[in-house]
**Q** 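Let me begin by handing over the structure; questions about it come next.
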Amino acid sequence: MNASLTRRGFLRAVGGGVFIATLGSELAVELGLATPLDESLPDALRFGDLEPLVSFMQETPVTRLQPALVEKLRAGVALDRLVAAAALANARTFGGEDYTGYHTLMALGPALRMARCLPGPEQPLPVFKVLYRNTSRIQENGGRKAEVLRRVEPTATPASAGLEVVRDAVRRQAPAEVERLLAGLIQRDTDAAFQALLVAVQEDTEVHRTVLPYRAWDLLDVVGREHADALLRQSLRYCLRAEKYRTSRWDKHSEVLVRLLDEHKLLGREPGRREADDAFVEKLSDTIFSGSPEEAAAAAAAALAEGFRPSDVGEAITLAANQLVLRDRGRPPSMEQPGKPVGSVHGDSIGVHASDAANAWRNLARVSRGRNTYACLILGAWQAALDRTNRGGDFLNWEPLPIQRHVNGLASTDGALLLRELDIAIRGNLQAQAAAIVHRLGQIGHPEAEVFQLLLRFAVSEDGALHAEKYFQTVWEEFHTTRPAFRWRHLIALARVTASEFGRPAPGQAEARELLRV
């Protein structure tokens, strides 16, 4: 120990550090008790007028976070702005390279949408749930000193550069080059940059690689396009890390994609507007669900070539993925984990992952143009079939929920009574019973809004193993964009997942409810 540091001096220094940590660095800087961390990080990303709030999300001790959030709300800070700051804090800290980190980023947009479906006093609950997780993980990771994203100087690229320019740099494993390249593309045209990024994303059909760019893009309306670089670089860095583990499996779907685009002459033509009927969507969905990845991709490409609307093809893909939730036998004993017991289907289950991925591909196709519109749907079909064949199990012969015996056992056609029975089934972890009750509610024409409202409250209160918010939003979107003949399948699946996840309350939610007095 330094001889000049006496015991009293040592204790004073430690006490001062604890005091500053308790205050939070933002207030400590204002009081002159500390210097801004950015002074020691000259290449740190900064976010303009959002910067103080971003730093607050990173530096406030998690034990003080929620009381401080309540004070922010009372001072007039909107939930949207809190979410924007949290997204940028997450991006700056993790850069798409931390499992819990990028899952939390992907949950922010859905949490905000969930908030808008709740009564006024309860609206902060889903947002606080994810903000608590966000700050907690940031601090577990080392806080601001462990930030991954730094400022980069954009590299100018000619306007004639093709969509493959980002993908090719990723293949070369040139991180600094490709980050500057993407920054330059974003500076010139954010939409065009995103299209180039998607070509790199399409190198592998893997759930996080697929969902992360969609959820980041979706957050731009909240965060602002001026911060697109920080959000989209996360997806780029995810691709860079994954490239280190490239296998020959990647080449197979790429070869099939190129062949199908050429075979059906899809390049250079506008998507069709032919409306599919229910029978066509059902048949296409069955083909995607039951076929090999090659057969599923070929069926999607053929439908697009016949001029069917991309939205109809996307609908069939999401219905195929939905079957994996309805038919899943649940987590086997060999995969049991804390919070994910045998028989559970929440969290990173095959069905939830497949549904989130299919939803992302469908939405990426919606915000794409040209080649990417077709590629996202062809690969979405490929991945839905791959998820069934790649994880084992006899999904083709397993009976989907609801089981008719459970449906027959529901004598009531009273919607209010059925909702009460649904609540009881969820609290009892009765997955099949919950599915049957929602099926019956759909049969009697009960308003779906009341079913969603009940399931939403559990999606907020329960932990959900990092997937509750995303999957709730997936089902919400798919229900409202799927034709009436099939849409209740998505809500039945959500009821099953909700019953699976019940009993593991989300960290921080009890405190949030007490602070918000709800």
Side-chain angles (χ1 to χ4, degrees), residues 57 79-80 82-116 126-127 129-131 133-134 137 149 182 186 190-191 193-195 197-198 200-202 204-225 227-239 241-242 314 318 321 347-348 352-368 372 376 379-380 383 459 464-478 481:
M57 293 292 177
L79 282 176
D80 297 49
L82 294 177
V83 167
L88 294 174
N90 183 293
R92 187 161 72 182
T93 304
F94 303 116
E97 296 184 358
D98 179 81
Y99 183 85
T100 301
Y102 58 69
H103 273 85
T104 303
L105 184 283
M106 293 187 287
L108 283 166
L112 186 58
R113 286 189 168 87
M114 290 162 67
R116 293 166 181 163
V127 172
K129 175 186 178 183
V130 181
L131 297 187
R133 184 192 310 161
N134 195 49
R137 185 57 181 169
L149 287 191
L182 182 64
I186 290 171
T190 301
D191 293 87
F194 186 61
Q195 298 305 309
L197 174 63
L198 287 184
V201 168
Q202 292 160 10
D204 189 22
T205 53
E206 184 265 312
V207 58
H208 306 120
R209 188 180 182 119
T210 304
V211 179
L212 180 56
Y214 166 56
R215 291 298 175 192
W217 181 258
D218 191 48
L219 273 169
L220 287 183
D221 289 339
V222 178
V223 175
R225 289 207 166 200
H227 302 305
D229 176 70
L231 290 184
L232 298 184
R233 277 168 62 198
Q234 296 174 93
S235 181
L236 178 66
R237 293 177 71 97
Y238 188 97
C239 293
R241 281 173 66 97
T318 60
D348 57 346
V352 169
H353 264 177
S355 295
D356 282 346
N359 172 262
W361 282 123
R362 186 183 188 186
N363 278 295
L364 288 172
R366 178 177 54 81
V367 300
S368 290
N372 280 342
C376 286
L379 293 178
Q383 185 169 350
L466 300 177
H467 290 71
E469 298 79 26
K470 277 195 293 86
Y471 186 62
F472 183 90
Q473 185 61 29
T474 286
V475 170
W476 175 273
E477 290 177 6
E478 296 309 334
T481 53

**Q** Any idea which heavy atoms bring Leu232 and Ala216 closest together, and the distance?
**A** CD2-CB, 4.4 Å
**Q** Can you name the closest pair of heavy atoms from Asn134 and Asn90 and give their distance?
**A** OD1-ND2, 2.9 Å
**Q** Suppose we screen for side-chain hydrogen bond (donor to acceptor under 3.5 Å, both in side chains). Which residues come up paired with Glu97, at least two apart in sequence or across chains?
**A**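 Counting only residues at least two positions away or on another chain, Glu97 forms a side-chain hydrogen bond (donor to acceptor under 3.5 Å, both in side chains) with Arg237.
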**Q** For Asp221, what residues pass the side chain to side chain contact (heavy atoms under 4.5 Å, CB included) criterion, not counting sequence neighbours?
**A**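 Side chain to side chain contact (heavy atoms under 4.5 Å, CB included) list for Asp221, sorted by chain: empty.
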**Q** For residues Gly96 and Leu212, report the shortest heavy-atom separation together with the two atoms involved.
**A**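 In this case the closest contact between Gly96 and Leu212 is CA-CD2, 4.5 Å.
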**Q** Would a distance-only check, ignoring hydrogens and angles, find a side-chain to backbone donor-acceptor pair under 3.5 Å from Asn363 to Asn359?
**A** yes
**Q** Suppose we screen for side-chain hydrogen bond (donor to acceptor under 3.5 Å, both in side chains). Which residues come up paired with Ser235, at least two apart in sequence or across chains?
**A**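 Partners of Ser235 by the side-chain hydrogen bond (donor to acceptor under 3.5 Å, both in side chains) criterion come out as none, since no residue qualifies.
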**Q** According to ring-ring contact (aromatic ring centres under 6.0 Å, His included), who are the partners of Trp217, at least two apart in sequence or on a separate chain?
**A** Phe194
**Q** List for me each residue that meets side chain to side chain contact (heavy atoms under 4.5 Å, CB included) alongside Asp229, sequence neighbours excluded, and say none if there are none.
**A**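 Asp229 satisfies side chain to side chain contact (heavy atoms under 4.5 Å, CB included) with Ala183, Ile186, Arg233 once adjacent residues are dropped.
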**Q** What pairs of donor and acceptor atoms, side-chain ones from residues 104-115 against any protein atom, are under 3.5 angstrom apart with sequence neighbours left out?
**A**
unit_1	atom_1	unit_2	atom_2	d
Thr104	OG1	Thr100	O	2.7
Arg113	NH1	Asp218	OD2	2.6
Arg113	NH2	Asp218	OD1	3.2
Arg113	NH2	Asp218	OD2	3.4

**Q** What's the separation between atom CD in Gln473 and atom CD in Glu478, rounded to the nearest 0.5 Å?
**A**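 Here the interatomic distance stands at 10.0 Å.
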**Q** Could you measure the distance from the NZ atom of Lys470 to the OH atom of Tyr214? Nearest 0.5 Å is fine.
**A**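 OH of Tyr214 is found 12.0 Å from NZ of Lys470.
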**Q** With rounding to the nearest 0.5 angstrom, report the CD to CG distance, Gln202 to Leu198.
**A** 6.0 Å
**Q** Answer yes or no: does atom CZ of Arg241 have more than 12 heavy-atom neighbours from other residues, nucleotides or ligands under 6.0 Å?
**A** no
**Q** If you compare all heavy atoms of Leu364 against all heavy atoms of Cys376, which two are closest, and at what distance to 0.1 Å?
**A**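 Closest approach of Leu364 to Cys376: CB-SG, 3.8 Å.
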**Q** Given Val83, which partner from the list Val223, Val222, Leu88 fulfils the side chain to side chain contact (heavy atoms under 4.5 Å, CB included) test?
**A** Val222
**Q** His103: which residues meet the ring-ring contact (aromatic ring centres under 6.0 Å, His included) condition with it, sequence neighbours left out?
**A** Tyr99, His208, His467
**Q** Can you name the residues that form a side-chain hydrogen bond (donor to acceptor under 3.5 Å, both in side chains) with Arg137, not counting sequence neighbours?
**A** Asp98, Glu140
**Q** Using the side-chain hydrogen bond (donor to acceptor under 3.5 Å, both in side chains) criterion, which residues pair with Thr481? Sequence neighbours excluded.
**A** Arg362
**Q** Strictly by salt bridge (Lys or Arg N to Asp or Glu O under 4.0 Å), give each pair with a member in residues 208-217 just once, sequence neighbours left out.
**A** Arg215-Glu477
